[in-house]
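Heads up: the structure comes next, in structure tokens.
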Amino acid sequence: MIELEKPKGKGHGDWSSNIALKLASKLHQPPQAIAEFIVENIEQPGYLDKVEFAPPGFINFTLSNVWLYESLAKLCREREVFGHIRKSSGEKVQVEFVSANPVGPMHVGHGRWAALGDTLARMLRAVGYEVSSEFYINDFGNQMNIFGRSVVARYQQCLGVEAEFPANGYQGNYIIEIAKEIIAADGNKYLDLPAETQVEIFTQRAYKQVLNNLKHILTAMNVHFDNWFSEQWLHRSGYLKETIAELKVKGHLYEKEGALWLKTSNFGDDKDRVLIRANGEPTYFAADIAYHRHKLERGYKKLINIWGADHHGYVKRMQAAMVMLGAPEDTLEIIIGQLVNLFSGNRQIRMSKRTGEMVTLEELLKEIGSDAARYFFLMRSPDTPLDFDIELAKSQTSDNPVYYVQYAHARICSILRKAAAQEVKPDGFKANLELLTADPELALMRIIAEWPLILKQAAERRCPYRLTQYAENLATSFHFFYHECRVISDDSQLTAARLSLVDSTRMMLKNVLSLMGIGAPEKM
RNA sequence: GCGCCUGUAGCUCAGUUGGAUAGAGCAUCGGACUUCUAAUCCGAGGGUCGGGGGUUCGAAUCCCUCCAGGCGCGCCA
């Protein structure tokens with residue numbers, strides 16, 4: 001493949017082409033000769049500073065500063081949508097994430113999926129997709145029943161009634177809290193109802209309470225969902241049955257040992273899977289197929305799901321089911337997020353339900369705040385288990401990348417405040433940007449000019465962590481500039497130009513942080 | 001046993017649709033404030049890219065094989 005790319009190393013220009021290397025074998029000529037021939041015969045347009053040959057056969061293009069000034073001017077015009085693709089592609093994309101069971105507290109892994117999914121949705125929106133984010137509520141089935149029974153048992157115990165706690169019940173203290181809240185609101189009025197009625201009432205009531213708490217936490221994390229989809233609806237509306245009927249018509253079902261099976265092994269799965277158990281109850285998988293069929297019916301062309309690594313074994317069967325429903329093969333894209341390991345400095349905090357040492361997402365947020373949490377959750381590729389150092393996230397030093405980036409923003413605001421006090425305002429339209437010729441200035445502008453490409457690639461490759469990398473590069477470049485170049489000086493022309501540059505940098509930092517759902521403080 | 005992910009500097013990680021001398025942060029060592037925020041900046045050292053084989057002008061990247069770690073392999077969700 002012949003490509004134009006951004007060279008990694010310094011001293012190779014702004015763009016480079018490997019065309020001579022690719023042509024060498026076809027033309028039976030050494031790549032150097034081809035490259036030299038091209039360089040000698042190419043016409044140089046005005047925005048190119050130079051075109052050079054470099055061994056073993058690369059052709060390097062160096063852009064003139066004009067495009068840097070143009071990029072800066074563009075940022076001044078477009079402000080928060082700089083680098084965005086504003087013309088909608090019209091393609092409907094759905095991102096589903098977190099979807100935590102509403103029967104217990106969220107763990108820190110959920111925080112990671114929340115930050116990833118929410119940021120991915122924002123990025124996709126920025127590059128022109130019509131995006132909807134969604135949370136699937138598993139408010140049906142066995143676990144709900146066990147959950148309800150656990151609450152009933154605690155309710156009775158709290159009222160002094162001897163009650164046996166379900167063998168596989170939920171042990172956590174939050175169950176007792178829920179029971180106490182019910183008592184606080186309604187006293188003992190449910191005590192004399194038939195056992196099954198109690199379970200039914202408590203299940204619905206308690207899960208809504210957990211769900212509300214979960215929504216509250218996600219909102220505090222600045223995570224937004226466009227839609228909340230209930231599993232109960234799939235069962236009660238008959239949509240699940242309809243889905244199974246469709247699969248039957250298409251010939252993908254068979255009966256064996258009293259159960260109803262789906263032939264997923266025909267489409268890449270290791271083995272076939274049960275949809276309806278011998279006892280007549282549908283499996284979780286059956287409901288999930290119905291759910292995804294509903295997504296298709298709503299017109300989404302691309303479905304992105306973020307799942308924890310503990311669910312990766314589920315991927316093939318789900319994709320097989322999508323194909324059976326008639327969706328194009330690449331419709332369902334599943335991002336598998338590796339788990340989170342919490343550290344306090346060097347000491348790993350072992351998470352264990354058994355020993356009870358367990359840090360919930362809520363506790364983590366309370367400890368370090370939403371900004372730091374989101375930043376750390378986004379910092380690594382989803383493929384890598386995340387080592388999350390709580391002490392580092394809390395520290396107010398430059399070792400802490402979120403503080404480092406936010407500090408750059410606050411520092412610029414401080415300059416702008418000082419300028420304003422002297423009645424000087426940044427004005428990107430009037431300032432003569434061509435006065436910006438020092439290396440730190442050019443370096444800063446180069447990073448700003450790269451943003452549209454970075455954003456597009458980060459969205460296409462589903463890599464939110466590239467935003468943290470970009471933010472850090474931008475902040476570093478600014479701090480270097482700050483050290484080397486004084487913004488407010490006696491030279492009013494240069495002051496105007498530099499004020500435009502730092503104000504642009506400020507907007508850029510704010511834009512990136514905002515895509516990550518993180519605040520940009522004006523003072524620190 | 002099978003499947004997915006991972007293995008890159010002392011530590012945490014980028015780079016993996018083949019490209020140039022393998023990068024960054026932290027840590028270590030050495031420097032820089034009479035200044036718009038030192039919550040900052042500059043410099044240095046540090047590597048058999050898990051091991052071995054192969055493919056080619058060129059491999060951290062692709063293929064084969066072995067080793068190590070995480071996770072998963074239910075008519076649970």
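Reminder, nothing fancy here: chain letters follow the sequence lines and each chain counts from 1. Atoms considered below: every heavy atom in the structure, side chains included; atoms not considered: hydrogens, waters and symmetry mates.
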So which protein nitrogen or oxygen atoms get under 3.5 Å of nucleotides 24-29 of chain B's nitrogens or oxygens?
unit_1	atom_1	unit_2	atom_2	d
B:A27	OP1	A:Asp399	OD2	3.3

Original post:
Is the closest side-chain donor-acceptor distance between A:Asn101 and A:Gln143 under 3.5 Å?
Top reply: yes
Subject >> C1' spacing across the pair B:A68 / B:C29, given as an integer number of angstrom >> reply: 34 Å
Original post:
Can a donor-acceptor pair be found between the side chains of A:Ser99 and A:Glu96 at a distance below 3.5 Å?
Top reply: yes
Subject >> side chain to side chain contact (heavy atoms under 4.5 Å, CB included) partners for A:Phe480, two or more places apart >> reply: A:Pro440, A:Glu484
**OP:** For A:Lys523, check side chain to side chain contact (heavy atoms under 4.5 Å, CB included) against everything at least two apart and list the hits.
**Re:** A:Arg417
**OP:** Only counting residues at least two apart or in another chain, list the ones meeting side chain to side chain donor-acceptor pair (under 3.5 Å) with A:Ser150.
**Re:** none
**OP:** Check side chain to side chain donor-acceptor pair (under 3.5 Å) between A:Glu333 and all other residues, then give those that pass, not counting sequence neighbours.
**Re:** A:Lys302, A:Arg462
Subject >> By ring-ring contact (aromatic ring centres under 6.0 Å, His included) - contacts of A:Phe225 (at least two apart) >> reply: A:Phe97, A:Phe135, A:Trp228
Original post:
Between B:C67 and B:G23, how far is it from one C1' atom to the other, in whole Å?
Top reply: 27 Å
Subject >> Dot-bracket notation for RNA chain B, counting Watson-Crick and G-U pairs under 3.5 Å, with | for partners on another strand >> reply: (((((((..((((.....[...)))).(((((.......))))).....(((((..]....))))))))))))....
Original post:
With sugar-phosphate meaning primed atoms plus P, OP1 and OP2, does A:Cys463 contact a base, only sugar-phosphate, or nothing at under 4.0 Å between heavy atoms?
Top reply: nothing
**OP:** For nucleotides B:G25 and B:C66, find the distance between their C1' atoms and express it as a whole number of Å.
**Re:** 34 Å
Subject >> Ring center gap for A:Phe267 and A:His252 short of 6.0 angstrom >> reply: yes
Original post:
What nucleic acid atoms does A:Ala410 come within less than 4.0 Å of, heavy atoms only: base, sugar-phosphate, or nothing?
Top reply: base
Subject >> A:Glu460/A:Lys456 ion pair, N-O < 4.0 Å >> reply: yes
Original post:
Can you name the residues that form a ring-ring contact (aromatic ring centres under 6.0 Å, His included) with A:Tyr465, not counting sequence neighbours?
Top reply: none
**OP:** Go through the structure and list residues passing side chain to side chain donor-acceptor pair (under 3.5 Å) with A:Thr283, not counting sequence neighbours.
**Re:** none
Original post:
NA contact type, A:Ser489, heavy-atom cut-off 4.0 Å: base, sugar-phosphate, or nothing?
Top reply: nothing
**OP:** Answer yes or no: does a side-chain N or O of A:Tyr404 lie under 4.0 Å from OP1 or OP2 of B:C41?
**Re:** yes
Original post:
When the P atoms of B:G18 and B:C75 are considered, how many whole Å apart are they?
Top reply: 41 Å
Original post:
With A:Gln232, which residues qualify under side chain to side chain contact (heavy atoms under 4.5 Å, CB included), at least two apart?
Top reply: A:Asp139, A:Phe140, A:Met144, A:Gln204, A:Tyr207, A:Ser230, A:Arg236
So which protein N/O to nucleotides 30-35 of chain B N/O distances come out below 3.5 Å?
unit_1	atom_1	unit_2	atom_2	d
B:U35	O2	A:Arg486	NH1	3.2

Subject >> Sugar-phosphate, base or nothing in reach of A:Ile488, heavy atoms under 4.0 Å >> reply: base
Subject >> P spacing across the pair B:A38 / B:U6, given as an integer number of angstrom >> reply: 42 Å
Original post:
Do A:Arg112's NZ or CZ and the ring of A:Phe376 fall within the cation-pi criteria of under 6.0 Å and 45°?
Top reply: no
Original post:
Given the C1' atoms of B:G15 and B:G19, what is the spacing between them in whole Å?
Top reply: 13 Å
Original post:
Quick one: what's the B/S/- string for nucleotides 71-77 of chain B, heavy-atom cutoff under 4.0 Å, read 5' to 3'?
Top reply: BSSSBSB
Original post:
Any luck finding a side-chain donor-acceptor pair between A:Thr476 and A:Tyr404 under 3.5 Å?
Top reply: yes
**OP:** Would you kindly compare A:Arg411 and A:Arg380 by the position of their nearest RNA chain B nucleotide and give the one closer to the 5′ end?
**Re:** A:Arg380
**OP:** Have a look at A:Arg498 and say if it touches a base, only the backbone sugar-phosphate, or nothing, with a 4.0 Å heavy-atom cut-off.
**Re:** nothing
Original post:
OP1, OP2 of B:A14 versus side-chain N and O of A:Thr384: anything below 4.0 Å?
Top reply: yes
